[in-house]
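Just the heavy atoms: all of them, side chains too, but no hydrogens, waters or symmetry mates, feed the values below. Along the sequence shown, residues are numbered consecutively beginning with 1. Remember, it's a predicted structure, so these values are computed and weren't measured experimentally.
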Amino acid sequence: MADLREKLDKLRADAADLALMSRRSSDPQKRALFERLADELAIEALELEQVVKLQSRRSGHSDPDTVVPLQVRPDRR
């Protein structure tokens, strides 16, 4: 279970980094690519989060605070 949470944290961090890269890119094609990749990773993170929550319920653990929400940093221009 901890391994899945680590992967979830990494997916969310990578999605946030790609979203930031998208906002900072001056090239429209790169901006669109980074945005698409960020969206894909965010979707994968949501799917993995559902798996983690389902497994937590099945195992009797109910600690929703251990799942880290996606936090996109504001654009700093």
Side-chain angles (χ1 to χ4, degrees):
M1 183 67 91
D3 186 45
L4 286 178
R5 287 194 176 115
E6 288 174 16
K7 288 182 182 194
L8 176 60
D9 293 345
K10 173 123 177 60
L11 275 173
R12 292 209 182 261
D14 289 347
D17 288 344
L18 284 166
L20 180 62
M21 290 170 64
S22 172
R23 288 192 308 274
R24 289 186 173 174
S25 179
S26 60
D27 182 331
Q29 289 178 333
K30 286 184 181 180
R31 186 178 315 124
L33 174 64
F34 291 142
E35 184 177 359
R36 257 192 330 268
L37 290 171
D39 289 345
E40 287 295 321
L41 288 182
I43 290 168
E44 287 183 31
L46 287 173
E47 291 172 351
L48 184 56
E49 181 179 9
Q50 291 175 344
V51 169
V52 169
K53 285 182 179 181
L54 182 62
Q55 286 184 354
S56 292
R57 279 190 221 125
R58 286 182 182 166
S59 67
H61 297 105
S62 60
D63 191 2
D65 295 331
T66 59
V67 177
V68 179
L70 175 63
Q71 295 179 356
V72 179
R73 291 175 242 155
D75 190 14
R76 297 181 193 176
R77 290 187 181 187

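Scanning both residues, Ala38 and Ala15, for their nearest heavy atoms gives CB-O, 3.5 Å.
A salt bridge links Glu49 to Lys53: one of the charged nitrogens lies within less than 4.0 Å of a carboxylate oxygen. With respect to Lys10 and Asp14, a salt bridge is recorded, a charged nitrogen being found less than 4.0 Å from a carboxylate O.
Separating the CZ atom in Arg5 from the CG atom in Leu48 is a distance of 10.5 Å, to the nearest 0.5 Å. Interatomic distance, Glu44 CD to Leu8 CG, rounded to the nearest 0.5 Å: 11.5 Å. Distance CG/Leu37 to CG/Asp17: 12.5 Å, rounded to 0.5 Å.
For the pair Glu40 and Leu11, the minimum side-chain heavy-atom distance is 4.5 Å or more. Side-chain atoms of Leu18 and Met21, non-hydrogen and from C-beta on, do get closer than 4.5 Å to each other.
Judged as a side chain to side chain contact (heavy atoms under 4.5 Å, CB included), and not counting sequence neighbours, the contacts of Glu47 are Ile43.
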Working for side chain to side chain contact (heavy atoms under 4.5 Å, CB included), residues Glu6 and Asp3: CA-CA 5 Å; Glu6 288 174 16; Asp3 186 45; 4.3 Å; yes
